[in-house]
Number of protein chains: 4
Amino acid sequence: MPEAVGVRQAQAQRTRSGVLAAASAVFVDQGVQAPIRDIAERAGVGVGTIYRNFPTRADLVTAVYRHQIDTCAALAPRLLEEPGSPFAALTRWADAFVEFLVTKHGLGAALGSGDPGLENLHALMLDTLVPACETLLDACVDADEISPGITAYVLMRAIGNLCITGPDYDQADAKHMVATLLDGCRRKA
Amino acid sequence: MPEAVGVRQAQAQRTRSGVLAAASAVFVDQGVQAPIRDIAERAGVGVGTIYRNFPTRADLVTAVYRHQIDTCAALAPRLLEEPGSPFAALTRWADAFVEFLVTKHGLGAALGSGDPGLENLHALMLDTLVPACETLLDACVDADEISPGITAYVLMRAIGNLCITGPDYDQADAKHMVATLLDGCRRKA
Amino acid sequence: MPEAVGVRQAQAQRTRSGVLAAASAVFVDQGVQAPIRDIAERAGVGVGTIYRNFPTRADLVTAVYRHQIDTCAALAPRLLEEPGSPFAALTRWADAFVEFLVTKHGLGAALGSGDPGLENLHALMLDTLVPACETLLDACVDADEISPGITAYVLMRAIGNLCITGPDYDQADAKHMVATLLDGCRRKA
Amino acid sequence: MPEAVGVRQAQAQRTRSGVLAAASAVFVDQGVQAPIRDIAERAGVGVGTIYRNFPTRADLVTAVYRHQIDTCAALAPRLLEEPGSPFAALTRWADAFVEFLVTKHGLGAALGSGDPGLENLHALMLDTLVPACETLLDACVDADEISPGITAYVLMRAIGNLCITGPDYDQADAKHMVATLLDGCRRKA
DNA sequence: TATGAATGAGCCTTCATTCAT
DNA sequence: CATGAATGAAGGCTCATTCAT
């Protein structure tokens with residue numbers, strides 16, 4: 001009964017997706033440290049199901065953000081191909097990255113926390129976003145728009161940190177500061 | 001027996017100091033959310049002693065950092081009086097602030113976490129550091145060195161966030177990014 | 001596997017019952033303020049199991065006594081239907097109520113303590129026992145056997161208080177005093 | 001220096017009185033289980049002073065109420081000497097006892113709790129109030145106003161229990177129930 | 001004698017994690 | 001595979017009690 005297997009796989013996939021959607025929602029409400037049980041309840045599954053699919057919290061966090069990270073990474077080459085200076089492309093890419101971060105409560109803090117167990121999210125960023133950012137940075141350096149000496153990783157980490165918002169430091173402030181930081185990277189004439 | 005009272009007060013003061021030293025050390029190791037018990041053990045006292053001296057965790061955190069915050073605030077007017085541009089003074093003050101933050105693991109994260117209960121540390125910063133920073137910013141604006149539109153509070157929050165270090169993003173990186181951010185604040189000619 | 005679910009539910013029900021039995025026993029020994037841990041140990045379960053089934057102490061206390069309270073309430077109409085005067089029915093109902101109270105060390109005290117958190121036990125009594133007692137009292141008043149002016153609630157509180165036993169004031173004394181109180185309620189010819 | 005000793009003794013006595021006054025006030029506010037520290041603070045002394053004067057909580061509770069208990073006991077013979085029936089004297093004495101109990105939050109509950117450690121308060125009542133009550137009861141029996149078979153101790157315990165008040169069972173209700181109980185003790189014609 | 005800082009046992013509560021069904 | 005009941009470690013906080021001064 002090969003169909004039966006397919007049905008079962010499809011069901012399993014649906015369960016996984018449901019968990020991811022629930023986790024995403026709960027992370028926005030409560031941050032990435034939310035109790036596993038809350039996520040299970042929101043997803044309408046047992047906690048065991050979450051542990052089966054995502055043995056560690058970091059696995060879950062990573063899976064939740066993987067798609068958006070991939071999307072963000074894929075944006076870089078497209079921006080470079082568009083007309084305009086490489087620095088403009090970098091700026092627009094940073095906008096997208098910031099947009100991603102500020103809409104996810106606690107993710108920035110999680111990234112910056114050095115929390116072991118979130119290392120694979122860290123690794124995911126290194127593997128996908130950093131290379132994407134690097135192409136943009138390299139293009140800027142080649143165009144003599146920014147000084148060399150700023151690595152993609154450090155820049156992204158800095159941007160990530162700037163996106164940790166709070167009561168008196170909101171998303172607009174974060175965007176403003178990121179823009180200011182990029183401006184500071186610019187090669188002066 | 002006035003001496004006896006003095007002896008007891010001195011002993012109590014020593015205990016208090018020991019707790020503060022232990023807390024400071026534990027905060028570096030584990031962050032400001034470290035279990036009270038750990039701090040008590042490090043200080044060689046019972047948990048009750050901690051609660052007696054610092055009824056809430058925020059009281060303890062605040063006490064640990066108050067002296068350094070005050071010192072940092074007092075630096076601002078002195079830097080302004082020295083020869084050199086206001087922007088140079090701002091840069092040097094930021095250096096001191098960064099130095100303060102990066103040597104305290106987790107403080108930046110704590111400040112940025114919006115954690116209720118850390119509100120009075122927040123308040124302490126607002127009350128002492130923000131005015132200090134404001135005098136520097138105002139001087140820079142007056143000297144037409146930076147554009148208006150950046151508030152002291154937001155700038156400090158941004159600097160604070162940039163000082164959340166971790167593996168692959170160390171103190172040197174933080175300083176570099178802060179310098180870059182300040183450079184981005186500069187009025188272009 | 002519908003049986004599997006049934007098995008699990010049955011097991012959970014057995015656990016719940018075990019907790020209730022343990023709690024009942026511990027309440028007799030130590031009163032309703034006994035540590036949750038003691039109850040968990042007596043039941044042979046972890047504290048988490050108690051909290052899962054009974055989020056608050058009041059939930060546990062209420063559950064322990066609910067069955068007996070219901071039984072006691074259901075007795076009132078049956079006694080009224082039996083031959084004999086309404087006052088005799090009231091007396092016999094009070095006997096049953098006293099029997100219930102004196103076998104539960106500390107319940108009377110708990111009811112009389114005004115302890116917040118035991119409000120729903122209080123409410124349970126108001127909702128079930130007070131109406132039961134009221135029907136008896138009303139019948140007595142209608143039969144001109146007792147003077148109006150005594151409310152069911154106050155009478156039950158008084159009976160409850162009289163059932164707080166101790167050394168030198170045992171169950172027999174409590175019953176004697178309750179009988180005397182009821183006698184005092186009687187309309188004199 | 002015999003005067004010096006006298007001065008010191010007088011000072012010690014004043015301290016003791018202050019503690020008793022503070023304890024009395026705190027007991028009314030918080031019940032007899034109030035933290036020792038609260039009493040010490042209200043008295044303006046250190047906790048050690050309380051422990052020195054009253055090694056156990058029961059010692060303190062007992063001392064607080066001793067004077068009032070003595071006063072209440074002394075009332076019995078005076079009431080008997082006044083014109084009127086012995087039962088009227090008993091009623092008036094019960095009124096005084098109730099008045100004493102209901103104005104002391106938690107004392108009734110404490111008396112009824114069987115709490116070991118409050119045994120000496122218990123003993124104090126046995127030694128002073130029970131004999132006083134006994135003379136009244138005996139006089140009533142002699143006058144054929146109440147049936148024998150009710151002991152002074154049990155009656156007082158019952159009255160004490162009836163004085164455990166709460167939100168919906170106030171002092172007036174307690175007095176009413178005590179009067180009803182006494183009425184129930186009365187010999188019927 | 002008086003003080004009150006210090007101690008630490010004890011209770012409460014949450015939640016990550018396991019595992020029998 | 002999914003479930004969710006059960007577990008118990010972990011951390012918070014209070015307060016009775018001791019003892020050096």
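Labels below follow one simple rule: chain letters A, B, ... track the order of the sequence lines, proteins then strands, and each chain is numbered from 1.
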inquiry  = Contact between D/Tyr65 and D/Val32 at the side-chain level, heavy atoms closer than 4.5 Å - yes or no?
reply    = yes
task = Please tell me if the side chains of A/Phe27 and A/Ile39 come closer than 4.5 Å, counting only heavy atoms from C-beta onward.
result = yes
Without decimals, in angstroms, what is the distance between [X] [atom1] and [N] [atom2]?
{"X": "A/Gln30", "N": "E/dA16", "atom1": "CD", "atom2": "P", "result": "11 Å"}
{"X": "C/Asp59", "N": "E/dT13", "atom1": "CG", "atom2": "C1'", "result": "14 Å"}
{"X": "D/Phe54", "N": "F/dT18", "atom1": "CZ", "atom2": "P", "result": "17 Å"}
{"X": "C/Gln9", "N": "F/dT3", "atom1": "CD", "atom2": "P", "result": "15 Å"}

task = Determine which bases of DNA chain F form Watson-Crick or G-U wobble pairs with both distances under 3.5 Å, and write the result as a 5' to 3' dot-bracket string with | for other-strand partners.
result = .||||||||||||||||||||
ask   = What salt bridge (Lys or Arg N to Asp or Glu O under 4.0 Å) pairs are there with at least one residue in residues 39-50 of chain D, not counting sequence neighbours?
value = D/Asp29-D/Arg42
ask   = Quick one: NE2 on A/His67 to OG on A/Ser24, what's the gap to the nearest 0.5 Å?
value = 11.0 Å
In a table with atom names and distances, give each donor-acceptor pair under 3.5 Å that connects a side chain of residues 14-21 of chain A to protein atoms at least two apart or in another chain.
residue, atom, partner, partner atom, Å
A/Arg14, NH1, A/Gln11, OE1, 2.9
A/Thr15, OG1, A/Gln11, O, 3.1
A/Thr15, OG1, A/Gln11, NE2, 3.4
A/Ser17, OG, A/Gln13, O, 3.0

task = With sequence neighbours left out, write down each residue that passes side chain to side chain donor-acceptor pair (under 3.5 Å) with C/Thr62, or none if nothing qualifies.
result = C/Asn120
query = Can you name the side chain to side chain donor-acceptor pair (under 3.5 Å) partners of D/Asp38, sequence neighbours left out?
reply = D/Gln30
query = Counting only N and O atoms by type, is there a donor-acceptor contact under 3.5 Å from the side chain of B/Asp59 to the main-chain atoms of B/Thr56?
reply = yes
Protein proximity profile, nucleotides 6-13 of chain F - base contact B, sugar-phosphate-only contact S, no contact -, cut-off 4.0 Å on heavy atoms = BBBBBSBB
